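Everything below concerns the one structure shown next.
Naming: A, B, ... by sequence-line order, numbering from 1 per chain. None of these values were measured; they are calculated from a predicted model. Heavy atoms only: backbone and side chains are in, while hydrogens, waters and symmetry mates are out.
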Protein chains: 2
Amino acid sequence: MTTDSFALEQFLPYRLNRAAEFVGLRFAAHYKAKYGMTRPEWRTLAALGSSGRMTSKAVGSHSSMHKTKVSRAVFALEQRRWLKRSQDDADRRVEHLELTAAGQQAYRELIELARRYQTELEAEFGESGIEALSNGLAAIEQVIRRSGKGKPSEPDDL
Amino acid sequence: MTTDSFALEQFLPYRLNRAAEFVGLRFAAHYKAKYGMTRPEWRTLAALGSSGRMTSKAVGSHSSMHKTKVSRAVFALEQRRWLKRSQDDADRRVEHLELTAAGQQAYRELIELARRYQTELEAEFGESGIEALSNGLAAIEQVIRRSGKGKPSEPDDL
DNA sequence: AAATAATGGTTACGTTTGCAACCATATCGT
DNA sequence: ACGATATGGTTGCAAACGTAACCATTATTT
């Protein structure tokens, strides 16, 4: 009989999603409260902060966000004067993005927040929990890497 | 110096979110293609299918969805004639939800799909990957359980 | 050197989301 | 018994999202 018991609680997509929401929303609350920033903005900031100068496209594939998300996040950060664009003079379609001084300052504060949060999580989940989780995630990430790039599966890239 | 390197790729909320999206979207694609169903609908169906009769509220906390999501999912499933409501006669605010025959049929097909997908995942991530992941998730789930209910952190419950 | 396709990035549009306000009923305090 | 408060559930609205269409520019084909 195939009808029988199916437990949502043991279904991996469900469990992952729930865990991700729990962990993610709590962190989002931190920086949302403090800087009124959205997740795409925070990710963009993080990408630029750590890698320095890069293009929108690069930000997208680095932090696996859809190009429209990136576009809007970049716009928002620009408004806030946390980043500035500059034209590539070889290829005029390309824009290079870079954090302003204020942006770098925000970045520093944000990653400090992130570090504290990660430490907090480590305490909550326990060393063994974290390690297991990390290994499990590594397995998925490997598959993601194989299974064509990041994740937004660019509607283009078919 | 606190400024230094922060790698988004090692930040847990980011990793979890990415993994969840990867695993979740792929599954969603399956049932979206086949039944034109959304995730809240699928979750509601799953909850009702496995537990039989329950209220919207119960569906919400069982599958950790916000009440509005549940409300809309229930409405959609009702339209499709996959579930029917019935008034509780002790408390007239309460509605009990139950799958129709068609709903149960759909449920059976869906969980079959889910099972196949889970198997597929197990193959992809490898036994050790799955086990690690499962342990890690368990650690988080434990914290979730403690840290007050499911996740939507009911705006009400403050 | 055109015509065609591809690429970086933005924009318009319909859908989905979360929040707050709301309705109806039920419970509690007094 | 009566007003305040709480609860299950729905709805209006504004923000966030993904898709597809689009603009400008660069590559490729012929």
Is A/A58 touching bases, backbone alone, or none of the nucleic acid, heavy atoms closer than 4.0 Å?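 No contact.
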Please tell me which of the listed nucleotides, C/dT10, D/dC17, C/dG18, lies nearest to the side chain of B/H66?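 Closest nucleotide among those given: C/dG18.
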Would you mind reading off the distance between [X] atom [atom1] and [N] atom [atom2], rounded to a whole angstrom?
X	N	atom1	atom2	value
A/R93	D/dT26	CZ	C1'	4 Å
A/L25	C/dT17	CG	P	14 Å
A/R92	C/dT10	CZ	P	16 Å
B/E78	D/dG9	CD	C1'	13 Å
B/R72	C/dT17	CZ	P	8 Å
B/E95	C/dC23	CD	P	18 Å

Return the 5'-most residue of the pair B/T38, A/S71 with respect to DNA chain C, ranking by each residue's nearest nucleotide.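 The 5'-side residue here is A/S71.
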Looking only at side chains, do A/E109 and A/Y35 share a donor and an acceptor under 3.5 Å apart?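 Judged by distance alone, the side chains do pair up.
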Could you tell me if A/R108 and A/Q105 have a donor-acceptor pair between their side chains, going purely by distance under 3.5 Å?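 The answer is yes; a qualifying pair exists.
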Are any of [X]'s side-chain N or O atoms less than 4.0 Å away from OP1 or OP2 of [N]?
X	N	result
B/T68	C/dT17	no
B/K57	D/dG8	yes
B/K67	D/dT10	no

Answer yes when B/E112 and B/R115 have at least one side-chain N-carboxylate O distance shorter than 4.0 Å, and no when they do not.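 Salt bridge flag = yes for B/R115 with B/E112.
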Are any of the side-chain nitrogens in A/E124 or A/R26 under 4.0 Å away from the carboxylate oxygens of its partner?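 Salt bridge flag = yes for A/R26 with A/E124.
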